[in-house]
Protein chains: 2
Amino acid sequence: MASAGPNEPRQSGEQLGQMLPELNTARPTIAEIARRAGVNKSTVSRALRDDPSIPQATRQRIQDLAAQLNYVPNASARHLNHARTDTIALVSRALNLDTGAGSADPFLVELLAGIADEAASHHFDVLLVRAEEGERELGVYQRILGGRHADGVILTDLRPNDHRLAYLCRHRYPHVLFGRSAEDLAEARLYPYPWAEVDNRSGARIGTEHLIGLGHRRIAFIGGGDTYHWERDRRAGYREALAQANLPYDPRLCIPSGISQKDGYLLTQQLLSWEEPPTAIFAISDVLAVGVMRAALDAGVQVGPAFSVIGFDGLGLGSYLTPPLTTLRQPINEVGRILVQLLCAVLRGTPPEEPHVFLQPELIVRASTRGY
Amino acid sequence: MASAGPNEPRQSGEQLGQMLPELNTARPTIAEIARRAGVNKSTVSRALRDDPSIPQATRQRIQDLAAQLNYVPNASARHLNHARTDTIALVSRALNLDTGAGSADPFLVELLAGIADEAASHHFDVLLVRAEEGERELGVYQRILGGRHADGVILTDLRPNDHRLAYLCRHRYPHVLFGRSAEDLAEARLYPYPWAEVDNRSGARIGTEHLIGLGHRRIAFIGGGDTYHWERDRRAGYREALAQANLPYDPRLCIPSGISQKDGYLLTQQLLSWEEPPTAIFAISDVLAVGVMRAALDAGVQVGPAFSVIGFDGLGLGSYLTPPLTTLRQPINEVGRILVQLLCAVLRGTPPEEPHVFLQPELIVRASTRGY
DNA sequence: TTTATCTACGCAACCGGTTGCGTTAGCTTA
DNA sequence: TAAGCTAACGCAACCGGTTGCGTAGATAAA
């Protein structure tokens, strides 16, 4: 190891302080370029925007000068003029450290990737905002949209009767939803904003049908609370499939839980201690399913024919579990793209052709579900 | 199911178009409040900022009026005045869909959570920006910082001799690094900006020492290219530990790879087909380790004494693998917080006390590493 | 040569806040 | 009663671009 290893700071803060360069506050402005070019501000502004009323030669001269000075137009000044910021915001709970709910939620990254990609191609910036809860929840939207930090916002983690919607409508703040929520309102033509989501109900139904098709009759559903739409919808899909197959719904088999691996683990331990445990488990998410499978293993129960497990999400990890996990894959990237497209349409004032998008999750059958 | 299920759109785009509310362009301004209150703009501005030169009664009256009108100050206008945007940007490759490299990288979420949390407490917005590559790479920074979309930026995915640093220094664009990179420059007092990172070298050394301590002598290191610092540093730590234990370095055991589970899987398959396979594998990341363990299982090799596996990252998932994965846990949240603190210090012009932060990863020993 | 037309650019207001400084009303003091 | 002082607030410039309109000068047409 060199004498100055990574653990030994090379210089004290004081020395750095003397070195820390002044902030580069004096960036060239249009006025500066105008002065140097011997023309008026307005001429520079027009030349930089390739306005044909400025002759080609002058345009070129000014553009060269701007490039040479490393000129970049000031976003705030532009925004102020246009009453637009060309920025969209994503508000997410998964960023909250305290709840811990979404800690390392692989979802958010995929969603963000889709959003960032699509936003970039529409020349929009993306602002990332933590959701607040309780009293301060709406204040976030007021600050971001009322204060013009962003032109529009993408809402996530929707709840039934989500009071954010009424608020946003009342103020006519442009937004789109990740997750449907305002169905009744929309039915009554009261809620005009678009939404997109993966069809959780249908996915859970298909997954449950898959288990039923394999011969399972005692199927437990683990996970989720009663707060968010995605939780409720997946549970509803589960019940729907049972009903269609004329299987009785046993409330003891439909078990609320948190969303961590640990929750899946502990609940499965309990389940397996029953006199007549279920032969299959639908875990509300892949993360939960990981805990379920581990608990089975620890209890000496082999996951497969006698004890099948299905998840929901389609994390890349699933195919590397033991056994590989059957799941419903969500096209999250795609959702992100679509949300941005919808929001851009709202901001342009041109309604999207199809304002309500349901993407279908894809059933991926692997070895964790087998015929009973 | 209700007659109008989620799969049937309830209304055509055209109808929605008629309903889509006008964008709320006319939000109250200071001038509007001034008009209604019968005072000057400046008085309103001062009253809203609780300027003591405005008597309490007037202040209250104006503040009430503002609240009643739902007034929120326009961010762009404020930024224009202050030559600050109170926004920091994070530039990340993990958002790029095309590279696919960071698809669902759980890291980014944890980092973002830390960043968002700390930024909020400093009253900063967070802008999320995709990294570009090649020719357009620097243009991103020029646009964001030169155009004042953000006051400063957090760089990730640092490379040796990263030309972004010279660029940012030249333009005196405020920034901090996630990952140390400019050690040589700093040594020469040429690079004044702060950085923070998890000590990858030390982590890999400790992990390798752990394997050596268990009696392993043929230890393979799987993963990583030669591009990023974190890859190189982890590899360096591995070699360091070998050298200190007087074990020979066998280049055939140090295998470059991609960063997906699949890469770990395929390479381990190969390794296991050797005449004398290694008895332990250091996977450069937990994600890769998942593939390694799966390959071992598929080959009938039991992970444990005869074939130990260690990862790096400390994903929550690790303890639910079979067997639970030994790993080096990174305090990513903490890194996010610290990066923001450092950047804020730079923006304030007050140098941080300790501008170069190395957080130590924590060795978490589980069943995947056992004595040989 | 005079008038009409067009080209190329300048002037100034504006977006929505902020801030230095000036002004007025009201009160105190000599 | 006049001079002096302060409290309370207005005026106007400013941040950095954008844009409607006006105009000087060049050119073309009569």
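These numbers come from the heavy atoms of this one structure, side chains and all, not from hydrogens, waters or symmetry mates. Chain letters run A, B, ... following the sequence lines, proteins first and then strands; every chain starts at 1.
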How many Å lie between [atom1] on [X] and [atom2] on [N], as a whole number?
| X | N | atom1 | atom2 | answer |
| --- | --- | --- | --- | --- |
| A/Ile30 | D/dC14 | CD1 | C1' | 16 Å |
| A/Asp86 | D/dG17 | CG | C1' | 14 Å |
| A/Leu80 | C/dG17 | CG | C1' | 8 Å |
| B/Arg59 | D/dA8 | CZ | C1' | 12 Å |
| A/Asn81 | D/dT18 | CG | C1' | 4 Å |
| B/Arg148 | D/dG17 | CZ | C1' | 15 Å |
| A/Arg27 | D/dG17 | CZ | C1' | 16 Å |

Name every residue in residues 62-79 of chain A that has at least one heavy atom under 4.0 Å from any atom of DNA chain C, in order of residue number, or write none if there are no such residues.
none
Show every salt bridge (Lys or Arg N to Asp or Glu O under 4.0 Å) that has at least one partner inside [range], sequence neighbours left out.
| range | answer |
| --- | --- |
| residues 58-76 of chain B | B/Asp50-B/Arg59 |
| residues 135-147 of chain B | A/Asp125-B/Arg143, B/Glu132-B/Arg136, B/Glu137-B/Arg159, B/Glu137-B/Arg164 |
| residues 73-84 of chain A | A/Arg84-A/Asp86 |

Say whether, by atom type as modelled, one donor and one acceptor occur between the side chain of A/Asn96 and the main chain of A/Ala131 under 3.5 angstrom.
yes
Pairs counted as Watson-Crick or G-U wobble with both distances under 3.5 Å: what dot-bracket string results for DNA chain D, using | for bases tied to another strand?
||||||||||||||||||||||||||||||
If the condition is side chain to side chain donor-acceptor pair (under 3.5 Å), which residues does [X] pass it with, not counting sequence neighbours?
| X | result |
| --- | --- |
| B/Ser53 | B/Asp51 |
| B/Arg36 | B/Glu32 |
| A/His122 | A/Glu118 |
| A/Ser42 | A/Asn40 |

Which residues in residues 38-54 of chain A have a heavy atom closer than 4.0 Å to any atom of DNA chain D?
A/Lys41, A/Ser42, A/Ser45, A/Arg46, A/Arg49
It should be established whether B/His82 places a side-chain nitrogen or oxygen under 4.0 Å from OP1 or OP2 of nucleotide C/dG17.
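Checking B/His82 against C/dG17: no side-chain N or O falls below 4.0 Å of OP1 or OP2.
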By side chain to side chain contact (heavy atoms under 4.5 Å, CB included) - contacts of B/Ala120 (at least two apart)
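Expected list: A/Arg130.
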Nearest 0.5 angstrom please: B/Leu127 CG to B/Thr85 OG1, how far?
8.5 Å
Set of ring-ring contact (aromatic ring centres under 6.0 Å, His included) partners for B/His79, sequence neighbours left out
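B/His79 satisfies ring-ring contact (aromatic ring centres under 6.0 Å, His included) with no other residue.
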